[in-house]
Amino acid sequence: MRSYSLIAPAKINLYLEILGDRSDGYHELVMVLQSIDLADRVDLRASSTDTIRVRCDYPDVPQDKSNLAHQAAQLMATQFPDAFAQYGGVEITIHKRIPVGAGLAGGSSNAAAVLVGLDLMWKLGLTQSEIQELAAQLGADVPFCIAGGTAIATGRGDQLSPLPSLDNLYLVLGKYRNVAVSTVWAYQTYRQQFGNSYVADSQSLESRASAVHSGPMVKAIIHEDGVQIGQRLYNDLERVVLPEYPQVLQLRQVFQNAGVLGTMMSGSGSTVFALCESYNNAQQVQQQVRAAIPDPNLDLWLAQFTSTGIQVASTSKN
Ligand code: ATP
């Protein structure tokens with residue numbers, strides 16, 4: 001029996017537009033998603049018991065059944081009971097670097113890593129689309145996390161169209177440790193404030209999504225034009241989060257003044273990222289922001305775009 005160590009990258013939203021309501025309670029979205037090399041490591045080890053266990057010593061990450069990685073393993077055990085019976089339980093250890101409740105899909109990426117890892121460990125030979133179907137049962141962001149890279153996401157965020165990969169852009173991410181935005185709150189508040197502009201019929205939804213497919217952000221990605229990508233960043237959720245969270249707004253302004261290609265909140269926040277054309281430039285921006293906001297609760301990270309999703313870092317015999 002082998003154990004597997006997987007790399008689970010975070011994602012950012014280069015574009016997030018809310019189009020309307022869905023009957024399942026989610027929103028109709030059109031997004032451009034991008035994997036970055038700020039990543040967790042997820043270790044899977046077969047255990048002699050027939051139980052699923054999750055360990056993670058990062059604050060605010062549950063170690064019980066509510067952990068998305070646990071839910072992913074439970075889904076695999078239910079779908080493939082023979083393999084679960086044959087190979088026994090699994091111990092999942094999450095080495096967390098992606099901040100929690102940050103709009104970076106850390107939990108979703110951990111769940112994606114468990115699906116990919118158990119497929120290998122249990123020798124199931126699932127195709128990518130089979131794994132993505134399971135992923136969609138766990139959460140809207142999980143299918144993207146499997147293959148990663150750059151993609152347009154529609155529906156509730158799980159209908160993916162891959163775009164040419166970008167890996168020559170750098171970013172600085174900032175998040176206050178004491179500021180987490182609830183994703184549910186952000187979408188509900190958006191519905192209350194802007195629901196009257198939602199489109200409802202499928203033709204309008206399709207035409208909004210195809211406007212993004214042929215629009216300036218996607219063109220900028222195809223041309224690998226960092227300046228245009230920076231100028232075309234967009235996130236509807238900023239309209240509700242920034243007025244309520246002055247620290248997030250201030251961080252965004254400080255990034256803007258640091259002469260970056262562009263800056264935007266990721267997902268429902270509270271992370272703000274700034275795009276930079278080089279690693280050196282990103283380092284300078286990090287120093288400038290640190291000097292402008294000397295708050296010890298502000299964490300800053302340097303990262304790079306990546307074209308990969310879940311990857312096996314190493315395997316070993318137990
Ligand atoms: P998204 O961008 O998908 O909205 P997020 O980055 O805002 O996600 P996560 O870091 O994935 O949010 O965590 C959201 C909540 O999920 C946390 O409050 C945490 O308690 C819970 N959670 C469950 N499993 C995990 C996990 N493996 N890693 C992080 N958080 C988890």
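Values below: all heavy atoms of this structure, side chains included; hydrogens, waters and symmetry mates excluded. Please read all numbers here as calculations on a predicted model, not as lab measurements.
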Visitor: Please confirm whether the backbone N or O of N281 pairs with a side-chain atom of S278, one donor and one acceptor, at under 3.5 Å?
Guide: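 Confirmed, S278 side chain pairs with N281 backbone.
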Visitor: What are the two closest non-hydrogen atoms of P99 and K175, and how far apart are they?
Guide: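 It is CB-CD, 3.9 Å.
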Visitor: Could you tell me if the side chain of M217 sits less than 4.5 Å from the side chain of Y234, heavy atoms only?
Guide: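 Y234 does not reach M217 side chain to side chain.
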Visitor: Just wondering, do D64 and H70 contact through their side chains at under 4.5 Å, heavy atoms?
Guide: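 No, their side chains stay 4.5 Å or more apart.
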Visitor: Using the ring of each side chain (for Trp, its six-membered ring), is H27 parallel, tilted or perpendicular to Y198, with breaks at 30° and 60°?
Guide: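 Perpendicular: the ring planes of H27 and Y198 meet at over 60°.
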Visitor: Are any side-chain N or O atoms of D158 and backbone N or O atoms of A140, one a donor and one an acceptor, separated by less than 3.5 Å?
Guide: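 Checked: no pair found.
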Visitor: Sub-3.5 Å donor-acceptor pair from the side chain of S165 to the main-chain atoms of G149, do we have one?
Guide: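 Side chain of S165 to backbone of G149, a donor-acceptor pair under 3.5 Å: no, none is there.
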Visitor: Can you confirm whether the side chains of Q188 and Y190 place a donor and an acceptor under 3.5 Å from each other?
Guide: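 On atom types as modelled, these side chains do not qualify, holding no pair under 3.5 Å.
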Visitor: Is the backbone of I98 close enough, under 3.5 Å, to the side chain of D40 for a donor and an acceptor to pair up by distance?
Guide: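 Yes, because the side chain of D40 sits within donor-acceptor range (under 3.5 Å) of the backbone of I98.
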Visitor: Anything under 30° is parallel, anything over 60° is perpendicular, the rest tilted; go ahead and classify Y87 against W122.
Guide: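 If you compare the ring of Y87 with that of W122, the planes turn out parallel.
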Visitor: Of N13, L163, L233, I229, which is the lone residue that meets side-chain contact (heavy atoms from CB on, under 4.5 Å) with V32?
Guide: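 It is L163; the other options fail the test.
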Visitor: Could you tell me whether the side chain of D167 and the main chain of S307 form a donor-acceptor pair under 3.5 Å?
Guide: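 Side chain of D167 to backbone of S307, a donor-acceptor pair under 3.5 Å: no, none is there.
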Visitor: For G103, is there any backbone N or O sitting under 3.5 Å from a side-chain donor or acceptor partner on S266?
Guide: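 Side chain of S266 to backbone of G103, a donor-acceptor pair under 3.5 Å: yes, one is there.
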Visitor: Return yes if a side-chain donor-acceptor contact under 3.5 Å exists between T150 and Q34, otherwise no.
Guide: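 Looking only at side-chain atoms, Q34 and T150 do form a donor-acceptor pair, the distance falling under 3.5 Å.
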Visitor: Taking atom types as modelled and ignoring hydrogens, do the side chains of R41 and S5 form a donor-acceptor contact shorter than 3.5 angstrom?
Guide: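 Yes - a donor-acceptor pair under 3.5 Å links their side chains.
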Visitor: Between D119 and G125, is there a donor-acceptor pair closer than 3.5 Å when you use the side chain of the first and the backbone of the second?
Guide: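 Yes: the side chain of D119 pairs with the backbone of G125.
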Visitor: Which ILVMFWY residues are connected to Y58, directly or by a chain of links, through side-chain heavy atoms under 4.5 Å apart?
Guide: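 Its cluster partners, ordered by chain and number, are V61, V100.
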Visitor: Is the Lys NZ or Arg CZ of R239 less than 6.0 Å from the centre of F194's six-membered ring, within 45° of the axis?
Guide: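 Judged by the rule (NZ or CZ under 6.0 Å from the ring centre, within 45° of its axis), R239 counts as positioned above F194.
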Visitor: Check whether N110 reaches the backbone of G106 with its side chain - one donor and one acceptor, N or O, closer than 3.5 Å.
Guide: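 Side chain of N110 to backbone of G106, a donor-acceptor pair under 3.5 Å: yes, one is there.
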